[in-house]
Amino acid sequence: MIEARSWHWIAALALLLLAAVAGLVFGVTNIPVGDTLRALAGDGDDTTVTIIRTLRGPRVALAALVGAALAMSGAALQGVLRNSLAEPYLLGVSGGAAVGAVLAFGMGMQHSGSLAIPAFAGAIAAVAAALLVARAAGRSARGDPRTLLMAGVIIGAFANAVIMVALANSTADTLRGSLWWMMGSVADASWFGALWLAVYVGLAGMALLRLAPEIDVLALGEDAAAALGSNVERATRRIFLVSALLAGATVAAAGLVGFVGLIVPHIVRAFGARRHRPLIGGSALVGGTLVILADVVARTALPPAELPLGAVTALIGVPFFLYQLGRTR
Amino acid sequence: MIAFERVTVRYRAREAPAVDGASFTCANGEITALVGPNGSGKSTLVRALLGREPLAAGRILMDGTERASLEQLEFARRVAVVPQREETVFPLLVREYVALGRYPYSRGLTGSPGDAAAVERAVARAEVDALLDRRTDELSGGEWQRVRIARALAQEAGMLVLDEPTTFLDIAHEMALLELVHSLAAGGMAVLMVSHQLNLVARFAARMVLLSRGKVMADGPPSKVMDAGTLEAVYDWPIVISRDAASGAPVLLPLRKR
């Protein structure tokens, strides 16, 4: 039994590419594959070239990046928390980002592109608050990952309360806009935004891959990790920070896209990835594929309406997750 | 050699220390057994050695080097610790798990050149060759303990610390494990073993250290530490000590209360 066989990698890459092509081909109007590929190169009629290159292209790229970032973040957090139910949003990232975005909405920012900065600030503030709460716990509880999970859940609940209060006092437009944003979407993607996120996710992803052996060791428990030479608290903090930065950026770029961070690592584990370097790498590919496909479904299932991306990832993800669960048992 | 010098560990400022001025040494080439009732400070000492609990006073020396002066990775290259608890939420193959013992030698993105050979030696020494392709969550209690020792041996440290390695093991697995640990000590390692099984360690350890409420109550060869009076006082239970006819080892028998 070889971990993460090479054909798995080839298959994952091929699936990602196929998903990307599907993301370009399908939409309100379906464009034949040949025309799509020609339009990518700049050939064909102007409308098609515009649809492919400026509308669907960045959208597919953004979806892939959001999926990759959430899945890598989830894989790292599950390992370091030693909890297969952990996911990026549990750290309070989602609640904090939503607070930032809703407050910005309330203050009159309407274009979703301008929400990225307040959302990101909210996400980072929430994670910082969760880390502080966990740190304030007694010395014996500080090293316990459950303390941090609890802190994240509490901060998330508080954030929800803030959102309710903010929305209770808002206009119908703001309410709808905020809710839509909270359900996740990559509809407003631009090449500029996607490129920016690509650099960011690339750097953070490499940092996580570098930290992966530390996660392997931390997954054994804190005493065992210390016995193997891990500087447990420092390593845990770093992994949390990078995971939170990844998740925070996705929330800023595309709102809340649930379930990806939870289920993708399980899917990749089911294909034999056990150590965190192949697990995180594989999660990036599978997470990207999943969100591209979810976005295709979101914009084609009930035309001309678009479904919320976060709802679709859950609708696709949960049955697949259950199927995998049944297969591994 | 591991030397604990007047080590004191406090969990909270005002409470009685969990370890209170404990001094003893664990010499190369033999097993030193750390025994005592629940809550006597055995595991706290192991955690202090791991650097997981700060010392309120005293120091721990490893081959003359102060523990506090060592980076955690450097510590892990000198002392291999098999802690009491370890998690297998995300199981590995045994070969991957044993290879984690090389973590203290990893640099950046690559391992060190001696990794494969060190893992192979550790696997052979702990006799877990047949388990290499099994998953860590599918092992029996005895197999898991041997695999954990193999991981510790892959660290190629001169000192080995085991925190209750025979919990949940049946007689054969318990004896086989102790024979393995004894042969490791005979090969020159300094072995410190925390245990509740006094009769068992009395047969394998060269030296026993008896802790009670964080203090060292007795320290010496089993024949000296296995004293009915001392053990009765420490465990607060009536005890008789006899001598096993076959092995000559001291044997403890707790009496029924009347």
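Basis for what follows: all heavy atoms, side chains included, without hydrogens, waters or symmetry-related copies. Per chain, numbering begins at 1; letters A, B, ... match sequence-line order.
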Using heavy-atom distances under 4.5 Å, tell me whether E86(B) contacts chain A through its side chain, its backbone, both, or neither.
both

Short side-chain donor-acceptor distance under 3.5 Å, R269(A) and S84(A)
no

So what's closer than 4.5 Å to chain A heavy atoms on R148(B): side chain, backbone, both or neither?
neither

Let me confirm one number: the CG-CG distance from L49(B) to L192(B), rounded to the nearest 0.5 Å.
7.5 Å

Can you say whether R102(B) sits under 4.5 Å from chain A via the side chain, the backbone, both, or neither, judging by heavy atoms?
neither

Donor-acceptor pair, distance only, cut-off 3.5 Å: does the side chain of S73(A) make one with the backbone of A69(A)?
no

Contact leader toward chain A among R47(B), Q84(B), Q72(B), where contacts are heavy-atom pairs under 4.5 Å:
Q72(B)

When L50(B), D163(B), V81(B) are compared by non-hydrogen pairs under 4.5 Å with chain A, the top option:
L50(B)

So which heavy atom on P165(B) is nearest to which on V194(B), and how close?
CD-O, 3.6 Å

In short, R146(B) meets L177(B) closest at the heavy-atom pair NH1-N, 4.0 Å

